[in-house]
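Below: the structure, in structure tokens.
Numbered from 1 within each chain, the chains take letters A, B, ... in sequence-line order. Computed from heavy atoms alone, side chains included, the values below leave out hydrogens, waters and symmetry copies.
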Amino acid sequence: MKNQEIARILYEIAEYLEMEGVAFKPRAYNKAGLGLETFNRDVEDLYKEEGFKGLKKIPGVGESIAQKIEEYLKTGKIKYYEDFKKKIPSSVEALTAVEGVGPRKVKIIYEELGIKNLDELEKAAEEGKIRKLPGFGEKTEKNILEGIAFLKREKGRFLLGEILPTAREVFAKLEKLKEVEKLSMGGSVRRMKDTIGDLDFLAISENPEKVMDLFVSMPGVVRVWGKGATRASVHMSQGFDMDIRVIPRKSYGSALQYFTGSREHNIHLRKIAIEKGLKLNEYGVFKGQEMVAGEDEEEVYKVLGMNWMAPELRENTGEIEAAIREAQGKPDGLPKLIDYKDIKGDLHYHSRWQESDGTPIEEAALAAMDFGYEYIGISEHTKALKIEHGLDEKQLLHHISEIEKINSRLSQGSGKQSKFRILSGCEANIMQDGSIDIDDKVLAGLDYVIAGVHSKFKMPVEKMTGRIIKAMENPHVDIISHPTGRLIMKREEYQIDVEKILEAARGTKTALEINSYPERLDMKDVYIKRAREEGVKMIINTDSHIPSQLHYIEYGISQARRGWAEKEDIINCWPVEKLLKFFNE
DNA sequence: GCCGTTTTCGGCCCGACTGTTTTCAGTCG
């Protein structure tokens, strides 16, 4: 996929244009970059199939940018961009990553001092050369040094699963302050994005200064980035930043809306406000001087002519249009999102990750019951994954009979226990040629089969796509685990043709997994949305190895919601009989 | 440079904070 690659160049062109002080074009390039990055088709395929005209289908891409994309696809270069690089050969992206340094400052430090990268910038700042530049001073220099130190220390973003528990702890602490009347979390955490940059808190308080004081002196705060009358920003020892804003009650809803974002969602909303002769900002919706909404988030959306929508949807990928249609009573409104309580069981659980003496399957079943589930599926690794104690055919037959025994024991128990069901499964390996490492006869004896790629991740796109499709065509395979293989911030996705995979999944009635493991969250939201549009069924699993990981399901559900998934799209929202019927078809 | 149930031309989201100025530019979210 070259989408990301070209998008990055477009973003950099935007920065160069900003350096030059060009108006409006930077926004156009940023928009086109985002359009390309979030476009659900491979730009190379698009160009091959539909030519130059196809490129203009990408949101934000018109005549001129389409030409530049075409140039890149043909030659691997864009002259317009190369010319900028010749003029100012700075690592723009690296330099603007420093807090307080933007394109204009990058231009000045290059032209005055010839600085092109972070190391040179750091050296110049240490030598006291930065403070002498026009528009710079001692403080800016100091901030640059601290900003660079920060970048070196942290990579910048955190996994949702890493940060959400901490965010909730901080929330609980802040909420206890007697000066805080009301508190909410905004930002990407409220939208449950797969990675989080920082935490945003919003509060109502009669005594904002006091809240600011308390916020910057909270335990865990190692640095105060800034502190004003209504806003403060701090760095935490765990490595992330937190912001807080104190907001008047009458503006709480609009502030919550504004600080939840996304940025693109907000920009779209403001345009709609303007079209209606209104002005939208974090303090409310205004008609002239008169405030027409603000205290309540739902009201804010309502006066803009649309229904309220879940934060997970707010990425400006069609949710605003859907909310408007819904408010007008038209069909094709907002999706009725799967709820965090809709999952009835988890089918990706490894009980034998350590060869322990206990009864790990029963332990898993009891934990799942406590979790409110009606069933759990035990899906051990299979023999090709020796390092994970993968089971061979003989051991799998034993696995099946063991589960039968536990099931019959449970069925004689009382109430909840008697209705609970353990399903026998496995997570088999999709070998290089697309075959499965377990004999079909044994696969047939299991309640369900998950198949996944666990080796040879770096195959060319046609081969990897064919490999997975062949696995789906095996009549015993019911689910493909972590379909793209990404490890967030660690490993790229495998090269696959997502459209072809979706087509095959629908044709073979194979469910695609939404793996809830915090560093996987695989499939990601845009693929979930595509899968749903194509009528492909999905399943949200945790890939747990111990009972305490069952709660990861929340992260998988959040990604499903971000992908517009409804209850019917997700097969483990179904009762066990319907689920087994699906597997048997 | 893009885009259009008011437009193929004339618009393009908005406010807080910082650091540098002496009324504001740059950056951020």
Side-chain angles (χ1 to χ4, degrees), chain A residues 10 13-36 55-69 80 95-109 130-144 146-147 186-188 197-202 208 212 224-233 241-247 251 254-255 257-286 304-305 316 321 324 328:
Chain A
L10 296 179
I13 292 175
E15 303 242 41
Y16 276 118
L17 289 164
E18 260 177 53
M19 280 184 208
E20 303 288 332
V22 179
F24 304 115
K25 284 194 195 183
R27 192 177 304 156
Y29 275 91
N30 271 324
K31 233 176 138 181
L34 188 77
L36 186 58
L55 296 179
K56 293 214 267 184
K57 284 187 183 166
I58 302 164
V61 173
E63 188 72 19
S64 173
I65 294 181
Q67 273 173 19
K68 292 182 176 77
I69 296 175
Y80 187 62
L95 291 172
T96 53
V98 179
E99 188 85 5
V101 177
R104 305 303 283 260
K105 285 199 163 79
V106 170
K107 185 173 192 238
I108 294 169
I109 60 173
I130 298 295
R131 69 180 71 182
K132 291 175 193 152
L133 298 173
F136 290 64
E138 265 184 62
K139 277 219 161 175
T140 310
E141 187 175 81
K142 186 164 162 270
N143 286 341
I144 285 175
E146 283 175 358
S188 47
D198 57 15
L199 297 181
D200 289 297
F201 294 95
L202 282 187
M212 293 297 123
V224 180
W225 294 120
K227 180 174 164 241
T230 61
R231 178 177 168 179
S233 178
D241 286 349
M242 305 197 308
D243 293 345
I244 191 167
R245 276 99 170 168
V246 172
I247 300 292
S251 300
S254 47
Q257 189 289 311
Y258 174 80
F259 290 115
T260 297
S262 67
R263 190 184 149 80
E264 289 70 29
H265 176 90
N266 287 354
I267 288 172
H268 193 165
L269 279 192
R270 287 194 182 179
K271 281 188 187 159
I272 288 174
I274 291 167
E275 282 163 20
K276 291 183 177 295
L278 302 169
K279 187 175 79 164
L280 169 67
N281 59 29
E282 58 263 52
Y283 296 111
V285 185
F286 299 89
L304 296 174
N316 195 32
E321 293 81 353
I324 292 171
Q328 293 171 345

Problem set entry | side-chain contact (heavy atoms from CB on, under 4.5 Å), paired with Tyr29(A), selected from Glu15(A), Lys68(A), Glu18(A) | Lys68(A)

Exercise. Who are the salt bridge (charged side-chain N to carboxylate O under 4.0 Å, His left out) partners of Glu99(A), not counting sequence neighbours?
Worked result: none

Exercise. How far, in whole Å, is dC14(B) from dT7(B) if one measures between their C1' atoms?
Worked result: 24 Å

Problem set entry | Watson-Crick or G-U wobble mate for dT8(B), both contacts under 3.5 Å | none

Exercise. Please give, in whole Å, the distance from dG15(B) C1' to Lys279(A) NZ?
Worked result: 9 Å

For this session: Have a look at Lys107(A) and say if it touches a base, only the backbone sugar-phosphate, or nothing, with a 4.0 Å heavy-atom cut-off.
Result: nothing

Exercise. Taking the P atom of each, how far is dG26(B) from dT21(B), in whole Å?
Worked result: 13 Å

Seminar exercise, completed: side chain to side chain donor-acceptor pair (under 3.5 Å) filter on Glu63(A), not counting sequence neighbours, yields Lys56(A)

Problem set entry | side-chain contact (heavy atoms from CB on, under 4.5 Å) against Thr230(A), all qualifying residues, sequence neighbours excluded | none

Set out, line by line, the N/O atom pairs under 3.5 Å between protein and nucleotides 8-12 of chain B.
| residue | atom | partner | partner atom | Å |
| --- | --- | --- | --- | --- |
| dC12(B) | O3' | Arg27(A) | NH1 | 3.4 |

Problem set entry | Lys276(A): partners by salt bridge (charged side-chain N to carboxylate O under 4.0 Å, His left out), with sequence neighbours left out | none

For this session: Only counting residues at least two apart or in another chain, list the ones meeting salt bridge (charged side-chain N to carboxylate O under 4.0 Å, His left out) with Glu141(A).
Result: Arg131(A)

For this session: Tell me, please, which residues at least two apart from Glu321(A) pass side chain to side chain donor-acceptor pair (under 3.5 Å).
Result: none

Exercise. Quick one: Lys142(A) NZ to dT18(B) P, roughly how many Å, whole number?
Worked result: 13 Å

Problem set entry | Rounded distance (Å) that lies between atom P of dC17(B) and atom NZ of Lys227(A) | 12 Å

For this session: Please work out if Asn143(A) contacts a base, only the sugar-phosphate, or nothing of the nucleic acid, heavy-atom cut-off 4.0 Å.
Result: sugar-phosphate

For this session: Output all residues satisfying side-chain contact (heavy atoms from CB on, under 4.5 Å) with Lys107(A), sequence neighbours left out; order by chain, then residue number.
Result: Met19(A), Glu20(A), Ile88(A), Glu111(A)

For this session: Describe the nucleic acid contact of Thr230(A) in one word from base, sugar-phosphate, nothing, applying a heavy-atom distance below 4.0 Å.
Result: sugar-phosphate

Exercise. So what does Lys68(A) touch, heavy atoms closer than 4.0 Å: a base, only the sugar-phosphate, or nothing?
Worked result: sugar-phosphate

Exercise. How would you list, by chain and number, every residue that makes a side-chain contact (heavy atoms from CB on, under 4.5 Å) with Ile267(A), sequence neighbours excluded?
Worked result: Arg263(A), Lys271(A)

For this session: To the nearest Å, give me how far apart NZ (Lys276(A)) and P (dC13(B)) are.
Result: 18 Å

Problem set entry | Protein-to-nucleotide contact annotation, 5' to 3' order, nucleotides 20-29 of chain B [B base; S sugar-phosphate only; - none; under 4.0 Å, heavy atom] | S-----SSSB

For this session: Mind listing the closest non-hydrogen atom pair of Arg270(A) and Glu282(A) along with its distance?
Result: NH2-OE1, 4.0 Å

Seminar exercise, completed: By salt bridge (charged side-chain N to carboxylate O under 4.0 Å, His left out), Arg245(A) pairs with (sequence neighbours left out) Asp200(A), Asp243(A)

Atom pairs under 3.5 Å, N or O on each side, protein against nucleotides 2-4 of chain B: can you list them with distances?
| residue | atom | partner | partner atom | Å |
| --- | --- | --- | --- | --- |
| dC2(B) | OP1 | Gly62(A) | N | 2.7 |
| dC2(B) | OP1 | Gly62(A) | O | 3.2 |
| dC2(B) | OP1 | Ile65(A) | N | 3.1 |
| dC2(B) | OP2 | Ser64(A) | N | 3.3 |
| dC3(B) | OP1 | Gly60(A) | N | 3.1 |

Problem set entry | Of Lys25(A) and Leu280(A), the one whose closest DNA chain B nucleotide lies more 5' | Lys25(A)

